[in-house]
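Heavy-atom basis, side chains included; hydrogens, waters and symmetry copies ignored. Below, chains carry the letters A, B, ... as their sequence lines are ordered, and counting in each starts from 1.
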Amino acid sequence: MKLQFIPIDYDYFDFEGRNYIKIIGRNEQEKRICVIDTCEVYLWAILKNKLKQKQIDSLIKKIEKIKLDIKGRTTKVEKVEIHDKNFLGKQVKALKIFATNYKDLHDIADKLDLKEIEKRRGYDLGFITHYILEKKILPLNWYEIEGELLNNSLEFGGIDMVLDVDFCIKLNKLKQIENSALNPKVLAYDIECDEFRIGEGEILMISLFGENFKKVLTWKKIKGKIPEYVEYVKDEAELIEKFIEYVRKISPDFLVGYFSDGFDLPYIKARAEKFKIKLSLGLDNSQPKFHQSGMGKGLVTGKINGIVHIDLLKFIQTAYSQYMQSETLSLNEVANEFLNERKKDFKFKHSSKIEEDEWEKYFEYNLHDSYLTYGLFQKFWPDLIEFTRVMQEPIFDVSRNGMSKNVEDFIIHNLERFNEIPEKRPTYDEIGQRRQREKYEGAFVLEPIPGLYEKIAIFDFTSSYGSVIVTYNLSKSTLLEKNEKDSYSIEIGGEIVSFSKKPGFFPEMLKDIIIRRKKFKSELKSSSTEDAVKRARSNAFKLLANAAYGYQGFFGARYYCREAAAATAAFAKKSIKDAIENINKEGYKTIYSDTDSIAFLLNKKTEEQTKEFLNKLNEKLPGIMELELEGFFKRGLWVTTRGGEIGAKKKYALVDEKGKLKIRGFETVRRDWCTLARQVQNKVIRLILEDGNESHALNFVKETIKKIKERKISKEELIIRTQLKKPISEYKAISPHVVAAKKMQELKIPIDVGTLIGYYIAESTTGKKRELIRDKVKLPDEKGEYDIVYYLEHQILPAVENIFQVFSINTKELVDGKKQTTLGEF
DNA sequence: ATATACACGGATCCCCTATTTCC
DNA sequence: GGAAATAGGGGATCCGTGTA
């Protein structure tokens, strides 16, 4: 049988002691296909340097005899080959040792602790990764496959009979082909419950949303007419059964939720267990499997056999959050940013307190959440596809992995063209040692001179750290033990480290990424139509390039190299300092610089001259280092630190000719300041940048102060929001948000690590002399008057004080008004 | 444990000394 | 008058959140 096939989900099983892969995908008619295949299983033994042929021969004989009886099966070494390979850039002789079962490779490796063998590698990749590497059936790429149709066959224990697919095929041949993108079948879901702790309350309803399909399942019957999408069931048990039934009937490629790894799926699982319902969502009727990801923190991934369960929150977190405006990753904010739609209004109440006529709104709300989740999936589908294709790992994993894992997957799947044997994961002890290593020196930040400036340009290095890694060949495999003459050398913490000039595989891969990304980016710029796929791939490469530096400095990395990471920062530092010097030499004046960007005054030079100068600069830069023009700006503002004497770093505001603001670091971009302070500061900055002087801004602040004093400010504007970053009991310093969290706990308001805690500072009620701010914390719903002095002196003043100081205005006097001191009145 | 370092700034913690309170 | 409690100052530390 011959057909076209696109792999979506990968799984494996053992049959008669051997490993088989089971790939679920679609053909061009959108039929669901299961492909069964296998591959050779092996590990590498890297030999010591000066072994004689005789020694190698007898070693091979010895290894060929290895046979293990463990875990109820027999695994043996099936054959041994000798190969010329590279390991960390060095040529080595290595034995390719084939064995029966991948899961036993570790035990085989234990038997290979021999004096002739230098290192053992390649047995910690996982069978699925190993298989993809071996057979190159890459996820979400099209293939023409040939194979044997399994039809009620007893081969593999009758696997095709229990599997709900159109065809089950044992693979013989495959060829990669071009085909249009997959049009995936997607079903989004969302549940509503009374209790937020997993499984501790009833599930009131479950919504489902797919193409031409919307449904809210509930056991709550209300009077009157109900929307057609609501379907009643008898009770909660039937609710779960109906959910299973619909998922099975629709049988989507992707079952999508938002925070569903951490909430919806485990919740349904817990309730199903309570009612002794088998949650047979898998194509093989199996229940979702939950894997602990991370240590104890309840971080779980829910895997359903054959149907890819996607938790969009996780993907958005790693792939997008750093470029987002949203201050939280709540469905509401994220949907608003990407879909321009919000959640429906519905204030959460316990179901017993919901009025009869409110239920319909609740159903609508529940359905809308699934609708938004579905919309977000469509929005991110190009990114999910491209990430999966670039990393070459199953979408289930790629959608959940952090950036370090993505970088590593990319490396592992690109080692072959360098003939490299993969490095192993660090052991627990190694990780411990790495983590104890001292921090190295990072980026250079130039202390600005506070002031309001006119006519500014900003240059920055494109993919700065990535370009440095490529240009200076910085990696674990290129690090030299001794300083050599013809090498890239730099001082790190008083010691010189050197890197070979012979290109290493890691910098070479990175070079590829950066060059391809540049190509995509320029294509995107020149083309008139929006190409979502190109944009997504460009974005995937950008993220990879940016994460490459962090990867080498990350203690959990296979290719961890602190020296390379430190050298990257050091070379980058040198580059930016050189650039600053050149810019100043040309007659410009540098105001500020951070890591890879430089802001400078044009000093009467024109924009054209500056662009020409940029080209001139670029000609002199080494390797792939490149400066680009970030933009020209009409005005820019830099302030002092709170201490008052020195210029504050990582804090500035710019306005371009079109009036567009670019604000960095100021309180107005920080979510842990109250809205009022943020808005006031924002307006002050805007007025000053627009006007070029402080007079309007000052009046505005005066008005605000008056309003605060007259209690004309609504409480909502005064709420301070701070995230709870760890369990309450672990806090050493009991700060205001911890007090607020404790109050919420007492009121049984669900809080968890990660919850944004909102509170306001109320007037003192205790009358104690020595009162801390936390003693005046009140929850937003709690009755009380806001503390005027606190909001003036701890929110508004700190937000604007340093700005007005640029114009030598002491705002503190404004606040005090008639009074001279404020502390004295206590 | 789940990419890195640099940076700001609020609030508490903690130690020290001076002052007040109490017997 | 002397011991204990409290106030207040100031640096260290904790903590959250940014920039790059």
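- Partners of A:Arg437 under the salt bridge (Lys or Arg N to Asp or Glu O under 4.0 Å) rule, at least two apart in sequence or in another chain, are A:Glu563.
- In this structure, the CG atom of A:Leu446 is 11 Å from the P atom of B:dA7, given to the nearest Å.
- Straight-line distance from the CG atom of A:Asn401 to the P atom of B:dA1: 18 Å, rounded to whole Å.
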Return all side-chain donor-acceptor pairs below 3.5 angstrom for residues 565-575 of chain A, not counting sequence neighbours, or 'none' if the list is empty.
| residue | atom | partner | partner atom | Å |
| --- | --- | --- | --- | --- |
| A:Thr568 | OG1 | A:Ala564 | O | 2.6 |
| A:Lys573 | NZ | A:Glu441 | OE2 | 2.3 |
| A:Ser575 | OG | A:Phe571 | O | 2.9 |

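- Between the two ends of the helix from B:dT4-C:dA20 to B:dC23-C:dG1, each summarised by a five-pair axis, the helix axis turns through 10° (rounded to 10 degrees).
- Both tests do not hold together for A:Arg537 against A:Phe541: distance to the six-membered ring centre under 6.0 Å, angle to the ring axis within 45°.
- When the options A:His309, A:Gln317, A:Lys405 are evaluated for a side-chain contact (heavy atoms from CB on, under 4.5 Å) with A:Arg400, the one that passes is A:His309.
- Contact check on A:Glu801 versus A:Arg642 returns a salt bridge, with a Lys/Arg side-chain nitrogen under 4.0 Å from an Asp/Glu carboxylate oxygen.
- Listed by chain and residue number, A:Asp9 satisfy the salt bridge (Lys or Arg N to Asp or Glu O under 4.0 Å) test with A:Lys303 (two or more places apart in sequence, or in another chain).
- Remark: the A:Asn539 side chain and the A:Tyr323 side chain contain no N/O donor-acceptor pair separated by less than 3.5 Å.
- Rounded to a whole Å, the CD atom of A:Glu447 is 16 Å from the P atom of B:dC6.
- Contact annotation for A:Asn802: backbone-only contact, meaning every heavy-atom pair under 4.0 Å involves sugar-phosphate atoms and none involves a base.
- Residues from residues 542-559 of chain A lying near DNA chain B, meaning a heavy-atom separation below 4.0 Å, are A:Tyr549, A:Gly550, A:Gly553, A:Phe554, A:Phe555 in numerical order.
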Extract from the structure each pairing of a protein N or O with an N or O of nucleotides 14-18 of chain B at less than 3.5 Å, listing the distance.
none

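- With hydrogens and angles left out, the side-chain atoms of A:Thr668 and A:Arg678 include no donor and acceptor closer than 3.5 Å.
- With sequence neighbours excluded, the residues forming a side-chain contact (heavy atoms from CB on, under 4.5 Å) with A:Ser467 are A:Ser463, A:Ile514, A:Ile624, A:Met625, listed by chain and number.
- The nearest whole Å value for the distance from the CD atom in A:Gln317 to the P atom in B:dT2 is 12 Å.
- The aromatic ring centroids of A:Phe506 and A:Tyr559 lie 6.0 Å or more from each other.
- Between A:Ile469 atom CD1 and B:dA3 atom P there is a gap of 15 Å when expressed in whole angstrom units.
- Cation-pi geometry between A:Lys776 and A:Tyr790 is not met: the NZ or CZ atom fails to fall both under 6.0 Å from the ring centre and inside 45° of the normal.
- Side-chain proximity of A:Leu772 to B:dG9, B:dT12, B:dG10: nearest is B:dT12.
- With rounding to whole Å, A:Tyr428 atom OH is found 14 Å from B:dT2 atom C1'.
- For A:Arg774, whose side chain is taken as the heavy atoms from C-beta onward, the closest listed nucleotide among B:dG10, B:dC13, B:dC6 is B:dC13.
- The 5' end of DNA chain B is approached more closely, in terms of each residue's nearest nucleotide, by A:Lys405 than by the other of A:Tyr759 and A:Lys405.
- Residue contacts for A:Tyr440: at a heavy-atom cut-off of 4.0 Å it reaches the sugar-phosphate backbone alone, with no base atom in range.
- A:Glu667 places its CD atom 17 Å from the P atom of B:dA7, with the value rounded to the nearest Å.
- Residue-level contact check: A:Ala565 touches neither bases nor backbone, having no heavy atom under 4.0 Å from any strand.
- With sequence neighbours left out, the salt bridge (Lys or Arg N to Asp or Glu O under 4.0 Å) criterion links A:Lys542 to no other residue.
- Scored by the side-chain contact (heavy atoms from CB on, under 4.5 Å) test, A:Pro394 finds A:Tyr10, A:Ile128, A:Ile132, A:Asp397 as partners (sequence neighbours excluded).
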Sugar-phosphate means primed atoms, P, OP1 and OP2; the rest is base. With that split, encode nucleotides 13-20 of chain C 5' to 3' as B, S or - using protein heavy atoms under 4.0 Å. -SSBBBBS
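- Scored by the side-chain contact (heavy atoms from CB on, under 4.5 Å) test, A:Lys715 finds A:Tyr760 as partners (sequence neighbours excluded).
- Between the CD1 atom of A:Ile773 and the P atom of B:dG9 there is a distance of 16 Å, rounded to whole Å.
- For A:His794 and B:dA11, the shortest distance from a side-chain N or O to OP1 or OP2 is below 4.0 Å.
- Residues forming a salt bridge (Lys or Arg N to Asp or Glu O under 4.0 Å) with A:Lys649 (at least two apart in sequence, or on another chain): none.
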